[in-house]
J.: 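Starting off with a structure, shown below.
Just follow the structure's listing: the first ligand is 1, and inside any ligand the first atom is 1. Index from 1, following the sequence. Fair warning: this is a prediction, and the values are worked out from it, not measured in the lab.
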Amino acid sequence: MNSDIIERSNRVFTPAFHFYHKIAIEKGVGCSVTDVEGKSYLDCASGLGALNIGHNHPRVMAAVTRQLPLFGHTGGIYYNETTVAAAELLTSITPPGLDRLFFSNSGAEAVEGAIKLARYVTGRQGIIAFGGAFHGRTLGALSLTSSNARYRERYAPLLPSIYHAPYPVCRHCPFGCPAEGCDLGCLAYLEEMLRRYVSPQEVAAIIIEPVLGEGGYVPAPARFLNGLRRLCDQHGILLIFDEVQSGMGRCGEWFAAQLYGVTPDILTVAKGIASGFPLSAVVSRGELMDQWPTWAHGTTFGGNPVSCAAAIATIEAIREDGLLARCRELGSATLDRLRAFQAHHPLVGDVRGRGLMIGVELTGADGTPDGTACGKVLEACLQQGLIVINCGPERNIIRLIPPLTISAAELGQALDILERAIDAAGKG
Ligand code: PLP
């Protein structure tokens, strides 16, 4: 029974170890999971965006099964073929010039690595991050995270020399710029920061999610990211793209960096990299990575061969099955359909996204965020067999992140359920 497992979990786990939905699963295949009571669900949360090719993809299962009997861990003691091959393959899909990496286990760990690399090679301390960002929960990454004050509560003092600027959320522009003819107040603000709060020569890096994730599923405007690149070049500041969520094909290119044509100096990769097996990477140029000596960073589990076997299979599946193009196609059809739906549903304030990283913002008649309605929608979806989750500080944005392997029929079914649930919530 779902309830038995949930009760046992409540006894053994701290509430901080938390699961979104009150179901316990027995099996996951492709885009579906089945709970221990035999009910099936379409999984459009993809294990928090980590299952870009779905649950138990046959290629991943085969690769892991081949690796396991050989050895499952190397602990940084000896070299092995699988880990090197995974690194070679990963650097074949990263933006130009980003061809050297450090493997770790989680997104937060990759962000920690990026902060350390940036500070180490520049000899500068300051890091500029953005309001609404989510970069992880470890203390360094948490110092950059600002998607919700609750995540930071009682953990001060966090890292010093961290500065936050507003994320360019055009729909709620913090500078009141009009959508048409915007003069990039967000970029001017950064320039002002570098004049007033922190000298550019004390800033090691600017870190940004090119498509804001947990903070509300907002793609940054291309002009802003280009401007950021120029600003960093002008001052010798390193530009870090945190693509833990937006990367590995999720937005219709391997990385959002390629979608925008803006190349960062440092890239963080995790989530979808190994189809749910723990693996992450900090990727940068050889010229920077060569300045990060042995002992300056390290890991026991990073580059685990089983995870690396899964990563190789994941990249090959995305490449050979044409999943980037498929992601763009399905993503644009989904945006079209949801925007048409929005036209008749006042509860839907905005529909946005890139590829299959889509946010549906629910708002009241006066445009204020409606997290209560969003909670009802998630619950109604679950009842009808669809798993979706929410995000944003007011928890009013539904995030649709199905596997890129989802069939058109499954996606249609998921959208039918979602629209019915929004309809019902709109009627009170
Ligand atoms: N960075 C981004 C953009 C994320 O979305 C997340 C997790 O959602 C993280 C970092 C942290 O990753 P992890 O939970 O694997 O530590």
J.: With heavy-atom distances below 4.0 Å as the criterion, list the atoms of ligand 1 near G107.
T.: 11 (C), 12 (O), 13 (P), 15 (O), 16 (O)
J.: Which protein non-hydrogen atom lies closest to atom 2 (C) of ligand 1, naming both residue and atom, and how far is it?
T.: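 Checking every protein heavy atom, the shortest distance to atom 2 (C) of ligand 1 gives F134 O, 3.2 Å.
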J.: Among all protein non-hydrogen atoms, which one is nearest to atom 5 (O) of ligand 1, and what is the separation to 0.1 Å?
T.: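 The protein heavy atom lying closest is Q245 NE2, 2.9 Å.
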J.: Check step by step if salt bridge (Lys or Arg N to Asp or Glu O under 4.0 Å) holds for E419 and R337.
T.: CA-CA 10 Å; E419 289 178 355; R337 172 167 168 177; 3.0 Å; yes
J.: Quick check on contacts: which atoms of ligand 1 are under 4.0 angstrom from a heavy atom of D242?
T.: 1 (N), 2 (C), 3 (C), 10 (C)
J.: Is any N or O atom of E209, backbone or side chain, closer than 3.5 Å to an N or O atom of ligand 1?
T.: no
J.: What atoms in ligand 1 come closer than 4.0 Å to a heavy atom of S106?
T.: 15 (O), 16 (O)
J.: Check whether any protein heavy atom sits under 4.0 Å from atom 14 (O) of ligand 1.
T.: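 Answer no: nothing from the protein, no heavy atom, is under 4.0 Å.
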J.: Regarding Y41 and Q384, is there a side-chain donor-to-acceptor distance under 3.5 Å anywhere?
T.: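 No, no side-chain donor-acceptor contact under 3.5 Å.
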J.: Between E243, E109, H135, flag the one that comes closest to atom 10 (C) of ligand 1 by a heavy atom.
T.: H135
J.: Suppose we measure from atom 16 (O) of ligand 1 to each protein heavy atom; which comes out shortest, and what is that distance?
T.: A108 N, 2.8 Å
J.: At what distance is the nearest protein heavy atom to atom 9 (C) of ligand 1, and which residue and atom is it?
T.: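 Residue, atom and distance for the closest contact: V244 CG1, 3.7 Å.
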J.: Consider side chain to side chain donor-acceptor pair (under 3.5 Å). Of T145, T268, D242, which one does H135 pass it with?
T.: D242
J.: Compute the ring centroids of Y189 and F175, then answer whether they are less than 6.0 Å apart.
T.: yes
J.: Tell me whether the guanidinium CZ or amine NZ of R137 lies under 6.0 angstrom from the six-membered ring centre of Y151 and within 45° of its axis.
T.: yes
J.: What do the steps show when you test S104 against S280 for side-chain hydrogen bond (donor to acceptor under 3.5 Å, both in side chains), and what is the final call?
T.: CA-CA 5 Å; S104 41; S280 65; 2.8 Å; yes
J.: May I ask you to say whether E253 pairs ionically with R328, meaning some side-chain N is under 4.0 Å from a carboxylate O?
T.: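 Salt bridge flag = yes for R328 with E253.
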J.: Do D265 and R229 sit within salt-bridge range, that is, some charged N less than 4.0 Å from a carboxylate O?
T.: yes
J.: Does the residue K271 have a heavy-atom contact with ligand 1, meaning some pair of atoms that are separated by less than 4.0 Å?
T.: yes
